[in-house]
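Worksheet: the structure to be examined is printed underneath.
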Protein chains: 2
Amino acid sequence: MANEDLTQIFDTIEYPEAYRITYLANAIVFPAYSAIKKDFGLVRAEYILLACLSHFDALTAQDVARISRRPRNTISRAVHRMLDDGYLDRAPDPDDGRQARLRITASGKELHVRISEYLRRRQDEVLGTLSKEERATLSALMKKAALNAAQLDE
Amino acid sequence: MANEDLTQIFDTIEYPEAYRITYLANAIVFPAYSAIKKDFGLVRAEYILLACLSHFDALTAQDVARISRRPRNTISRAVHRMLDDGYLDRAPDPDDGRQARLRITASGKELHVRISEYLRRRQDEVLGTLSKEERATLSALMKKAALNAAQLDE
DNA sequence: CGCATATTGTTCCAAATGGAACAATAAAAG
DNA sequence: CTTTTATTGTTCCATTTGGAACAATATGCG
């Protein structure tokens, strides 16, 4: 250790892009996640659920699992808690007895708006050194890769 | 659900860059992580430990915790398991009785090389649609942001 | 139709996780 | 020097996590 530069690994690691991506993800999500847990008592699967349902009309638990790449049972538990707390509504799908359609309630939406602020703020801090153009470029390239990733595993 | 486009959220989410970053991180890390756990029986903190020690001469457990943004106790446990398995060496710091200097062994390094392959391969799949120039641009911008993030919390 | 196979949501259980408190050591303050 | 304050690594404990098995329903195929 000593006072070596702890960031040299950004260049020496065998998978530099993957490392930087996960590093950035951690840098954004961990502090925001801690604050959200502390201030609202929500675990990650729960605010992911809110986020998904805020941007789609109605989803099944399975949809949320796919979108968020989390195991179904994690989502299942989150659904129960959010139902109990009144942030979600659930209605059986008339065409398929196995699945249920989930919708966010007004109070769920309101909670999501408050939580998004935490993530948006931390995102802006982490990306604060990029110029407007750099940030737009980064964003566009990440979208391209993310669309590819989404397609890879479908 | 229906067959709506599950990727529309990339554009509608309140924190688009943060969302894309974590989405990409998940897309790369989750499959690789599962495979590593299955094939080598290592949990995440353990291969993170290997990765850190493969790229620094000697680190304390605390250094690793800082580099990887994980709680100290998680790292502490990983250190014990890796010591037992012979992937690490530990020596008390002569100048500071509280800390111990960790080094990777030859077999630890060998294991790290094999594991990196999983991450590198998945990284290349996910970034496969980017041109060489695009990928270089993405990589450079992420490094800039990551360096900023590293500085933010020190 | 009838039977194999797949999918959805759930429960079970063992393992991983992380906050908090702790002892040991070091550094800072008086 | 003595007394606070900080840091390191560890253990404890409650919570979260995710793989596996499960029942219920749906789909594919003969």
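Values reported hereafter were calculated over all heavy atoms of this structure, with side chains retained and with hydrogens, waters and symmetry mates removed. It should be emphasised that the depicted structure is a prediction, and the values quoted were computed from it without experimental measurement. Within every chain, numbering begins at 1; the chains are lettered A, B, ... in the order of the sequence lines, protein sequences first and strands thereafter.
- Partners of A:E110 under the side-chain contact (heavy atoms from CB on, under 4.5 Å) rule, at least two apart in sequence or in another chain, do not exist in this structure.
- Each of A:K37 and A:V79 has a nearest nucleotide on DNA chain C; the 5'-most of these lies closest to A:V79.
- The residue A:D96 sits close only to the backbone: its heavy atoms come under 4.0 Å of sugar-phosphate atoms, none of a base.
- In this structure, A:V43 and A:N73 both approach DNA chain D, and ranking their closest nucleotides by distance from the 5' end singles out A:V43.
- Atom P of nucleotide D:dT16 and atom CZ of A:R70 are separated by 14 Å, given to the nearest angstrom.
- Rounded to an integer number of Å, the gap from B:F30 CZ to D:dG18 C1' is 11 Å.
- At whole-Å resolution of the value, CG in A:D93 and P in D:dT25 are 13 Å apart.
- Protein chain B contacts DNA chain C over a range whose 5' and 3' limits, counting nucleotides with an atom under 4.0 angstrom from a non-hydrogen atom, are C:dA16 to C:dA26.
- Place A:R72 and A:A45 on DNA chain D by their nearest nucleotides, and A:A45 ends up nearer the 5' end.
- Ring orientation note: the planes of A:Y15 and A:Y19 are tilted relative to one another, at an angle of 30° to 60°.
- A cation-pi geometry, defined here as NZ or CZ lying under 6.0 Å from the six-membered ring centre and within 45° of its normal, does not hold between B:R70 and A:F30.
- Among the heavy atoms of the strands lying under 4.0 Å from A:R77 is at least one base atom, whether or not backbone atoms are also near.
- No hydrogens or angles considered: a donor-acceptor pair under 3.5 Å links the side chains of A:H55 and B:E14.
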Can you list, pair by pair, the side-chain donor-acceptor contacts under 3.5 Å of residues 79-92 of chain B, counting residues two or more places apart and other chains?
from, atom 1, to, atom 2, distance (Å)
B:R81, NE, B:E46, OE2, 2.8

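- Closest of all the heavy-atom pairs between A:A145 and B:L127 is CB-CD2, 3.9 Å.
- With a 4.5 Å cut-off on side-chain heavy atoms, B:P16 and B:D11 do not count as touching.
- In this structure, the CZ atom of B:R98 is 12 Å from the C1' atom of D:dT5, given to the nearest Å.
- Every residue two or more places apart in sequence or in another chain that forms a side-chain contact (heavy atoms from CB on, under 4.5 Å) with B:D39 is listed here: B:Y118.
- By the side-chain contact (heavy atoms from CB on, under 4.5 Å) test, B:Q62 pairs with B:T60, B:A65, B:R66, B:R72, sequence neighbours left out.
- Taking five base pairs at each end of the helix from C:dC1-D:dG30 to C:dG30-D:dC1 and finding the rotation axis that steps the C1' atoms of four pairs onto the next four gives two axes whose angle is 30°, to the nearest 10°.
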